[in-house]
Structures are given as C-alpha cells and as structure tokens.
Amino acid sequence: MDTREPLHQELETALLSLNKVATRRIFKESGLSPIRFAEELFMPVLDRIGAKWERGDCALSQIYVSGRICESLLNELLPTAPAEQSMNPPMAVATLEDSHLLGKRLLSSVLRSSGYHFHDYGQQNLENLVSKVQFDGIRILLVSTLMLSSALRVKELRRRLDKQGLQVKIVVGGAPFRFDQALWREVGADATSPTATGALAIVRRLADEVRHENQ
Ligand code: B12
C-alpha cells in the first residue's frame with residue numbers, strides 16, 4: 001500500500017466534507033513544503049475526487065468547493081514575490097480555454113520562487129493568447145489545460161504561432177497530458193512534465209536553446 005494512503009484518505013474526507021480547517025491541519029501535520037503538499041497530496045486526491053464525480057459518486061458542488069479550498073490554501077501558502085533576479089528569455093504562463101487554475105497557480109509559484117520572470121496571462125482564449133505572445137515577443141510559453149478539449153486546442157495554437165512566423169517553445173501540462181503521455185507530441189508542443197516542479201529543468205534547457213538561437 002502507498003504509505004501516503006491514510007493521509008490521502010484523510011484529505012479526501014476533509015475536502016468532500018468541505019472542511020477547510022481540517023485541510024489546513026493536515027497540511028501542517030504533514031511537515032511538507034506547500035509545493036510538495038500540492039503535488040503529493042492535493043493533486044492525487046483531486047484526481048480521485050474527479051474520478052468519483054465521473055462515476056456519479058460525488059456532486060459537482062463538492063468538486064467545486066474542494067477546488068476552492070485547495071486554491072485558497074495555496075494562495076495563503078505559496079510565495080508571490082520573485083526569489084532573485086534572473087535573466088531569462090521572454091516567458092509566459094496561461095491556461096487555454098480552460099478555467100481550471102490550480103495547476104497554473106502552482107507553476108507560477110515554482111517558477112517565481114526559482115527566480116524566473118514571466119507574464120502571467122491568466123485564462124486566455126486562442127486569439128488573445130496569440131496576440132499577447134506576439135506583442136510581448138514571448139519565446140517560451142507554458143500552457144496549462146485540464147480538459148481534453150482544451151489540450152487539443154494546443155494544436156491550433158502551434159499552427160497559428162507558426163503561421164505568424166513566431167518562434168515560440170510551447171511547454172504543456174495538466175491532467176490530459178498526465179493521462180496520455182504521447183499527447184504533447186501530437187499537439188505539437190516542445191515539452192511536457194507531469195508536475196510543476198518538473199517544468200524547471202525544461203525551462204532551463206529551453207532558455208539555453210533560445211539563447212543559442214539568438215547568437
Ligand atoms: C478542481 C476541479 C474543478 C474546479 C476548478 C477550480 C479551479 N479554480 O481551478 C471546478 C469545479 C471549477 C471545475 C469545473 C469543471 N470541471 Co473540473 N476538475 C477539477 C479536478 C477535480 C481537479 C483539478 C485540479 O485542480 N487538480 C490539482 C492541480 C494542482 O493539478 P493539475 O492542474 O493537474 O496540475 C498539476 C500537473 O498537471 C502539472 N501541471 C498543470 N499545468 C501545467 C502546465 C505546465 C506547463 C506543466 C509543465 C505542468 C503543469 O502541475 C501540477 C502539479 O505540480 C479535475 C480532476 C483531475 N483529474 O484533474 C476535474 C476535471 C479536470 N474537470 C472536469 C470537468 C468536465 C469540468 C467541467 C466541464 C464540469 C462541468 N460540467 O461544469 C467544469 C469546466 C470548467 C471550465 N470551463 O474550464 C474533467 C475534465 C474531463 C475531460 N476529459 O476533459 C475532470 C478531469 C474531472 C473528470 N474526471 O471528469 N473543475
């Protein structure tokens with residue numbers, strides 16, 4: 001049995017009974033950093049809650065409040081100021097036609113606490129995202145999508161960026177890419193990672209590639 005299983009069950013019960021106080025207590029008692037807590041506990045437990053909802057074993061309102069509890073706790077716990085100055089190529093994060101925001105929130109915190117500077121475009125549709133990327137001269141774009149329909153829109157994003165002659169490295173992530181490990185290539189992305197912390201090594205590598213291309 002996964003050694004975290006009892007903790008997963010405790011957290012699932014707290015979230016499904018909409019108990020923010022118990023959720024905060026579980027975080028404190030876990031001794032984990034906020035990012036590890038989010039990746040090792042929130043993410044698998046929200047996956048389970050999502051699967052329960054799909055089977056009709058819990059209400060959409062329970063998913064909604066669970067998501068809101070996780071979101072507000074992460075807002076309390078995660079850093080918002082950059083740790084240090086770092087020179088990186090123009091970079092941005094966004095969700096694409098998707099209002100699931102927790103993955104992007106986590107990604108922003110991880111990048112920020114590692115000293116990266118980037119635009120946080122929030123929730124975007126395809127048209128606006130392409131315009132913003134063009135306007136800001138973005139070279140590395142990190143896109144978070146949680147719905148399969150949104151993940152598939154990355155293909156069109158790639159096509160539009162290429163058509164405009166914009167040299168942009170696209171990094172994708174979110175549930176559809178965790179569940180289908182070939183999907184990132186199919187939609188024409190340059191890289192993916194199942195976790196926000198995994199994005200760090202990718203961004204470092206892509207930033208080097210962009211610097212090389214600029215020389
Ligand atoms: C919470 C939740 C919600 C909340 C969102 C609250 C919020 N403010 O974000 C609410 C209730 C609003 C919601 C709404 C809906 N939801 Co919802 N939701 C979820 C749930 C249970 C958890 C998602 C989550 O926050 N996980 C925690 C975060 C931290 O995990 P994560 O985003 O995956 O991020 C991790 C990694 O993926 C990675 N990552 C994420 N992004 C990126 C980006 C990059 C570049 C990288 C490298 C890594 C990375 O890093 C994170 C870990 O470090 C999922 C279930 C699931 N399996 O994901 C369903 C789920 C995504 N929802 C689903 C659906 C269908 C909906 C609705 C359409 C329901 C409805 N009928 O209204 C709406 C649509 C909203 C919309 N238009 O976008 C489906 C999608 C199914 C599909 N095949 O497309 C899922 C999979 C549930 C299910 N099993 O059916 N939802």
Side-chain angles (χ1 to χ4, degrees), residues 8 11-12 15-16 18 23 27 32-75 77-78 91-114 116 118-125 129 138 140-154 157 168-181 183-184 187 189-206:
H8 284 173
L11 183 61
E12 185 177 335
L15 290 174
L16 287 177
L18 319 180
T23 307
F27 163 69
L32 294 171
S33 70
I35 286 169
R36 279 193 62 197
F37 186 76
E39 291 190 337
E40 293 174 27
L41 290 169
F42 273 158
M43 189 172 73
V45 169
L46 285 174
D47 275 354
R48 270 156 61 152
I49 293 178
K52 270 196 163 169
W53 175 69
E54 233 174 339
R55 293 194 305 268
D57 292 341
C58 76
L60 184 61
S61 56
Q62 285 175 299
I63 295 202
Y64 182 76
V65 179
S66 301
R68 292 309 297 261
I69 291 177
C70 296
E71 193 176 3
S72 89
L73 204 59
L74 288 182
N75 282 340
L77 301 171
L78 293 171
M91 190 157 92
V93 301
T95 62
L96 177 60
E97 296 176 3
D98 201 315
S99 50
H100 293 87
L101 295 171
L102 299 187
K104 182 186 72 62
R105 176 75 183 83
L106 214 54
L107 189 63
S108 300
S109 296
V110 167
L111 292 172
R112 228 174 251 131
S113 51
S114 300
Y116 285 102
F118 55 92
H119 299 264
D120 186 341
Y121 291 153
Q123 277 173 257
Q124 291 297 326
N125 63 29
L129 186 55
I138 297 301
I140 303 175
L141 177 63
L142 297 106
V143 180
S144 179
T145 60
L146 270 280
M147 293 194 299
L148 182 60
S149 53
S150 310
L152 295 173
R153 292 288 280 160
V154 174
L157 174 68
V168 184
K169 315 262 184 206
I170 303 179
V171 188
V172 288
F177 298 104
R178 286 195 282 119
F179 299 150
D180 177 351
Q181 284 161 19
L183 187 61
W184 67 277
V187 298
D190 296 281
T192 190
S193 158
T195 62
T197 36
L200 286 177
I202 295 173
V203 165
R204 214 173 297 130
R205 173 171 61 80
L206 294 179

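Scope of the values below: all heavy atoms of this structure, side chains included, with no hydrogens, waters or symmetry mates. First listed ligand is number 1; within each ligand, the first listed atom is number 1.
Separation of atoms CD (Gln123) and NE2 (His100) is listed at 10.5 Å; rounding is to 0.5 Å. Rounded to the nearest 0.5 Å, atoms CD1 (Ile63) and CG (Leu15) are 11.0 Å apart. Atoms CG and CZ, on Leu106 and Phe37 in that order, are 12.0 Å from each other to the nearest 0.5 Å. Separation of atoms OG1 (Thr95) and CG (Leu146) is listed at 9.0 Å; rounding is to 0.5 Å.
In this structure, Glu97 contributes its side chain and Ser150 its backbone to no donor-acceptor pair below 3.5 Å. Formation of a donor-acceptor pair under 3.5 Å by the Ser144 side chain with backbone atoms of Gly174 is not found in this model. A donor-acceptor contact shorter than 3.5 Å links the side chain of Glu39 to the backbone of Thr197.
Among protein heavy atoms, the minimum distance from atom 35 (C) of ligand 1 is reached at Met43 SD, 3.3 Å. When hydrogens are left out, the protein atom nearest atom 70 (C) of ligand 1 is Leu60 CD2, 4.1 Å; that is the closest non-hydrogen contact. Looking at atom 60 (C) of ligand 1, its nearest protein heavy atom turns out to be His100 NE2, 3.7 Å. Nearest to atom 56 (C) of ligand 1 among the protein's heavy atoms is Asp47 OD1, 3.4 Å. Of all protein heavy atoms, the one closest to atom 7 (C) of ligand 1 is Leu101 N, 3.7 Å. Here the protein heavy atom with the shortest distance to atom 8 (N) of ligand 1 is Glu71 OE1, 3.1 Å. Protein heavy atom nearest atom 89 (N) of ligand 1, with residue, atom name and distance: Glu54 OE1, 3.0 Å. Of all protein heavy atoms, the one lying nearest to atom 68 (C) of ligand 1 is Met147 SD, 3.8 Å.
Residue contact check: Glu39 has heavy atoms under 4.0 Å from atoms 52 (C), 53 (O) of ligand 1.
Taking only non-hydrogen atoms, the option from Ala51, Gly174, Gly103 nearest to atom 34 (O) of ligand 1 is Gly103. For atom 77 (N) of ligand 1, the nearest non-hydrogen atom from the set Ser150, Ser99, Gly173 comes from Ser99. In the candidate list Trp53, Tyr64, Phe42, Tyr64 is nearest to atom 10 (C) of ligand 1, counting heavy atoms. The residue among Thr195, Val110, Leu111, Leu148 with a heavy atom at the shortest distance from atom 82 (C) of ligand 1 is Leu148. Nearest to atom 26 (N) of ligand 1 by heavy-atom distance, out of Val203, Thr197, Leu46, is Leu46.
Sparse packing is recorded around CZ of Arg68, with 12 or fewer heavy atoms of other residues, nucleotides or ligands lying under 6.0 Å away. The neighbour count for Phe179 CZ, taken as heavy atoms of other residues, nucleotides or ligands under 6.0 Å away, is above 12.
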* Evaluate the side chain to side chain contact (heavy atoms under 4.5 Å, CB included) criterion for residues Val143 and Gln124: first the C-alpha distance (whole Å), next the side-chain angles of each, then the deciding distance (0.1 Å), finally the verdict. => CA-CA 10 Å; Val143 180; Gln124 291 297 326; over 6 Å; no
* To do: Let me see the working for Phe177 and Val187 under side chain to side chain contact (heavy atoms under 4.5 Å, CB included), right down to the final yes or no.
  => CA-CA 10 Å; Phe177 298 104; Val187 298; 4.0 Å; yes
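With respect to the salt-bridge test (charged N to carboxylate O, under 4.0 angstrom), the residues Arg153 and Asp98 do not qualify.
In Leu106, the part holding a heavy atom less than 4.0 Å from any atom of ligand 1 is the side chain.
Per-atom contact check: atom 79 (C) of ligand 1 does not touch the protein, criterion being a heavy-atom distance below 4.0 Å. Put simply, atom 85 (C) of ligand 1 has no protein non-hydrogen atoms near it, under 4.0 Å away. Distances from atom 54 (C) of ligand 1 to the protein include no heavy-atom value under 4.0 Å.
Residue Val172 places a heavy atom under 4.0 Å from ligand 1.
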